[in-house]
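Presented below is the structure to which this report refers.
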Number of protein chains: 2
Amino acid sequence: MADRARPARLDDVARAAGVHISTVSRVINGRGEVSVRPETRQRILTAAHELQYRPNAIARGLRLATTGTLGLLVPSLRNPVNSPIVRGAFNRAWERNFVLVLAEDTGESEAAEDAYERLVEEGRIDGLLIQSARLDNPHLDSFSSGPVPCVFMDRAHPGSGRNVTMRDGDAGRMVAKHFLDLGHRFLAHLAGPLELDTVARRREGFVELARTAGATPIVVPAVLSEEAGHAAMHELLEQPTRPTAVFVANINQALGAVAAVRERGIRVPEELSLVCHDDDPVCGFLDTPLTAVRMPLHELGSTAVDVLLEQVEGAERRNVVIETEPELVVRRSTGPAPQ
Amino acid sequence: MADRARPARLDDVARAAGVHISTVSRVINGRGEVSVRPETRQRILTAAHELQYRPNAIARGLRLATTGTLGLLVPSLRNPVNSPIVRGAFNRAWERNFVLVLAEDTGESEAAEDAYERLVEEGRIDGLLIQSARLDNPHLDSFSSGPVPCVFMDRAHPGSGRNVTMRDGDAGRMVAKHFLDLGHRFLAHLAGPLELDTVARRREGFVELARTAGATPIVVPAVLSEEAGHAAMHELLEQPTRPTAVFVANINQALGAVAAVRERGIRVPEELSLVCHDDDPVCGFLDTPLTAVRMPLHELGSTAVDVLLEQVEGAERRNVVIETEPELVVRRSTGPAPQ
DNA sequence: CTGAAAGCGCTTACAG
DNA sequence: CTGAAAGCGCTTACAG
C-alpha cells in the first residue's frame with residue numbers, strides 16, 4: 001500500500017495557528033458572526049488552508065447527530081429507466097451538501113428491511129428517499145415512524161402523508177384524449193403491475209377519460225420488461241375486436257410490444273397507433289419513432305429531496321404533487337384511426 | 001413530524017441486561033471467542049434483541065477509523081449505460097457489508113475534486129471506485145496517494161497500478177475477425193472519445209487484427225451519444241470507398257447510427273454489417289436486431305470491489321484484468337460482404 | 001469473567 | 001476574545 005497522508009485534524013490546525021482547537025472550530029464553522037480577533041482568525045484560516053483541513057464528517061456526525069447523508073431506496077439497479085429521478089435527487093442533494101447512499105429494494109422478502117437496518121437503524125442517514133414503494137408492502141408503515149424521516153417518491157404509499165408524486169392521472173388522460181382526437185374508439189392499455197401506485201393512477205386517468213367518450217379500454221397488466229411487453233401485446237392483438245390504439249406503460253415493454261407488432265406484420269401507425277409512457281431517448285431512434293409522454297422526472301427527484309430535507313429540519317410531513325404537466329411528445333407512431 | 005423512536009444504544013442494552021456497556025460490546029462484536037459467562041451472554045443477547053439494538057455506524061466508525069462505506073465515482077448519472085458495472089459493484093459491496101455512496105464526475109473542471117473532498121477528505125469512505133478516469137485528467141495521480149485506497153475500474157489510469165479492466169483489445173479483435181470471416185474488406189470503426197482508455201484499447205485490437213488481413217479500417221471518433229453516432233455514421237457513409245462493415249462503440253451511438261443508415265436507404269446487413277459494443281437489451285429489439293459484443297460488466301464491478309477491499313485491508317495495489325472473454329452475440333445485423 | 005477508563009475528532013455551552 | 005471541559009456512541013487495552 002502506498003504511504004497515505006493522514007488528513008489534517010483540528011488539532012493540527014490549532015497547533016499551527018497557536019490556538020486552542022475550540023477556537024479553530026468556531027472560526028471554521030462560524031458564519032462570520034463569532035467574535036474572534038481578526039488576526040487570530042486570519043492565522044487560523046491560513047493554517048487550515050495550508051494543511052488542507054476539512055472537518056471529519058464522521059466525528060462531526062457523531063457530535064451533531066447528523067450525517068449529511070441521505071439514503072435512496074431504488075426498486076432495481078438492473079433497469080435504470082428511472083435514472084432521471086435518481087439524477088434529480090442526486091444533484092439536488094449534492095447542491096444542498098448531502099451525499100447519497102444507495103440501497104436496492106428488489107421487492108424480495110427482506111430486501112427493504114435489510115436496507116432499512118443498514119441505513120436507518122445503524123444511523124448512517126438523516127433521511128430516506130423511497131422509490132420502491134408497492135401497494136402490497138405492509139412494512140412501509142414502520143418506515144414512517146422510524147428514527148429518520150422518509151419520503152415516497154414517484155410510487156406513493158397511500159395514507160403515509162409523505163408522498164411526492166407527479167400528475168400521472170393527467171398523463172393517462174392526455175394519452176386517451178390524443179387517441180380520441182385521432183378518431184380511435186378501440187383503445188387498450190398495456191399497463192404495468194397494478195401494485196405500483198403510479199401505474200394504477202395512470203390507468204385510471206386513461207380509462208376514465210376514454211369512458212367519457214363511450215370507449216372502454218381493454219387493460220392488460222404486465223411486468224415492466226421487454227418479454228412481458230412482447231407477450232402482452234400479442235395477447236392484445238388477438239382480441240376479438242383488435243384495438244387500434246395502445247398506450248404502453250414503459251419503454252422496456254414498448255420495445256417488446258413493437259417487436260410483437262412487427263412479427264404480425266401490422267403497420268404503425270396506419271393500422272395501430274402506439275404511445276409509450278416516459279419518454280426515453282430510444283423512442284426517437286426506433287424505425288418508427290414512438291410518440292411518448294414526457295414526465296418531469298428530474299424535477300420529481302429534486303423536489304423529493306427538498307421535501308425530505310424540510311422534514312429533516314423538523315417540518316411536518318406532507319404530500320406534494322409536482323405541478324409541471326406531463327408533455328405529449330408526438331412522433332410517428334400515432335395517426336388517425338383506420339377506417 | 002411524527003414522534004420518532006430513538007434507536008437503542010449500547011447503554012440501553014447494558015441497563016436492561018444489568019451489565020456494563022463494555023461487556024455488551026464484547027458479546028455483540030465478539031466472534032464467540034470472548035470469555036463471558038453463558039448466562040450473561042444470553043441475557044445480553046436477549047436484551048439486545050428485544051431492544052432491536054444495532055451498533056451506531058457513525059460512532060463505531062469514529063472509534064475504529066473505518067466507515068463501512070465505499071465511494072463510487074461515475075462519469076455520468078445521465079446515461080446509465082454502464083449500470084451493470086454499478087450493479088456488480090453495489091451487489092458485492094453490499095454482500096461484504098459495505099454501503100456505496102455516489103458521486104458524479106462529469107468531466108467538468110472541479111467535479112472530480114469536489115467529489116474527492118466531500119468523500120475522501122471529509123473521511124466518509126474507506127475506499128474509492130473510479131469509473132470516470134480519462135487519459136487527459138492530471139488530477140487522478142493525487143487520488144492514488146490520498147488517505148484512502150482507490151481503484152480505477154473499466155477506464156484505466158495507466159501507470160497507477162490500480163486498474164481493474166476487461167479484455168477490450170480482444171473485443172476489438174473479435175469483431176474484426178467476425179467481419180473478415182464474413183468476407184468484408186472495407187472496415188470502419190465508429191469509436192468513442194480516444195481519451196477513454198477502454199475506447200483506445202478496443203480500437204487498437206480492432207485495427208491491429210484487421211491489418212493482419214491487409215484491411216486498414218477507417219476510424220472516426222465521436223462522443224458517446226445518439227446525435228454524435230448519427231453524424232459520424234453519415235460521415236462514414238460519405239467516404240469515397242464506403243465501408244461494408246462498421247463496429248460501433250456503444251449503444252447510444254448505435255441508435256443514432258442505425259437512424260443514419262436508414263435515412264440513406266442502405267440495407268442491413270445486405271449492404272452494410274453493423275456490430276455494437278456492449279450488448280444492451282435494446283439490441284435484440286430493434287427492427288434489425290444488432291449483433292453485439294457482450295462484456296463481463298457485472299463481474300468487472302464485483303471484482304473491482306474485491307480488489308479495492310483487498311487494499312483497504314492493507315494489500316499492495318495491483319492491476320487486474322478480468323479473465324472472462326468478451327462474447328459475440330450474433331444477431332441479424334451482420335452478414336456476408338456484398339459482392 | 002466483568003468493570004472502569006481512555007479516546008476516536010469534533011462542537012458547544014460555560015468560564016474567565 | 002479565547003481556553004478548558006464535557007460528551008456524541010462506540011471499542012479495547014488494562015485492571016481487578
Side-chain angles (χ1 to χ4, degrees), chain A residues 6-45 47-48 51-69 120-126 147-148, chain B residues 6-45 47-48 51-69 120-126 147-148:
Chain A
R6 175 176 68 68
R9 293 172 317 221
L10 215 37
D11 185 41
D12 299 313
V13 181
R15 204 155 343 124
V19 294
H20 192 262
I21 58 163
S22 59
T23 309
V24 179
S25 179
R26 265 182 241 116
V27 330
I28 301 272
N29 298 317
R31 301 144 210 80
E33 68 214 16
V34 276
S35 40
V36 186
R37 220 185 314 158
E39 59 235 58
T40 310
R41 168 190 303 274
Q42 200 45 59
R43 238 183 315 138
I44 291 173
L45 258 20
L51 294 169
Q52 294 196 56
Y53 174 72
R54 303 217 107 215
N56 180 288
I58 305 300
R60 178 178 249 180
L62 182 58
R63 175 63 230 240
L64 298 178
T66 213
T67 62
T69 304
V120 177
E121 295 182 357
E122 291 185 2
R124 295 179 179 279
I125 60 177
D126 297 334
V148 306
Chain B
R6 176 177 66 71
R9 294 172 316 222
L10 215 38
D11 186 40
D12 299 313
V13 181
R15 206 158 339 126
V19 295
H20 191 262
I21 58 163
S22 58
T23 309
V24 179
S25 179
R26 264 182 242 115
V27 330
I28 301 271
N29 298 316
R31 302 144 211 81
E33 69 214 16
V34 277
S35 41
V36 187
R37 220 185 312 158
E39 58 235 58
T40 310
R41 169 190 302 271
Q42 199 45 58
R43 239 182 317 137
I44 291 173
L45 257 20
L51 293 168
Q52 294 195 56
Y53 174 73
R54 302 217 108 214
N56 181 287
I58 305 300
R60 178 179 250 180
L62 183 58
R63 175 61 229 240
L64 298 179
T66 214
T67 62
T69 304
V120 177
E121 296 182 358
E122 292 185 1
R124 295 179 180 280
I125 60 177
D126 297 333
V148 305

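Small disclaimer: the values here were computed from a predicted structure and weren't measured. Numbered from 1 within each chain, the chains take letters A, B, ... in sequence-line order.
Residues satisfying the side chain to side chain donor-acceptor pair (under 3.5 Å) test with S25(B), not counting sequence neighbours, are N29(B).
In terms of heavy-atom proximity, G123(A) sits nearest to N56(B) at CA-ND2, 4.2 Å. I21(A) and D11(A) get closest at one heavy-atom pair: CG2-CA, 3.7 Å. Listed here is the closest heavy atom pair of T69(A) and R124(A): CB-O, 3.5 Å.
Remark: side-chain polar atoms of D126(A) are paired, donor with acceptor, to backbone N or O of T67(A) under 3.5 angstrom. Without hydrogens or angle criteria, R54(A) side chain to E122(B) main chain gives no donor-acceptor distance under 3.5 Å.
A heavy-atom distance below 4.5 Å is found between the side chains of R26(B) and S22(B).
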Item to complete: Would you mind building the protein contact string for nucleotides 4-11 of chain C? One character per nucleotide, 5' to 3', B for base within reach (heavy atoms under 4.0 Å), S for sugar-phosphate only, - for untouched.
Response: B-BBBBBB
Response to the item:
Dot-bracket assigned to DNA chain D with the 3.5 Å Watson-Crick/G-U criterion, [ ] for crossing and | for other-strand pairs, is |||.||||||||.|||
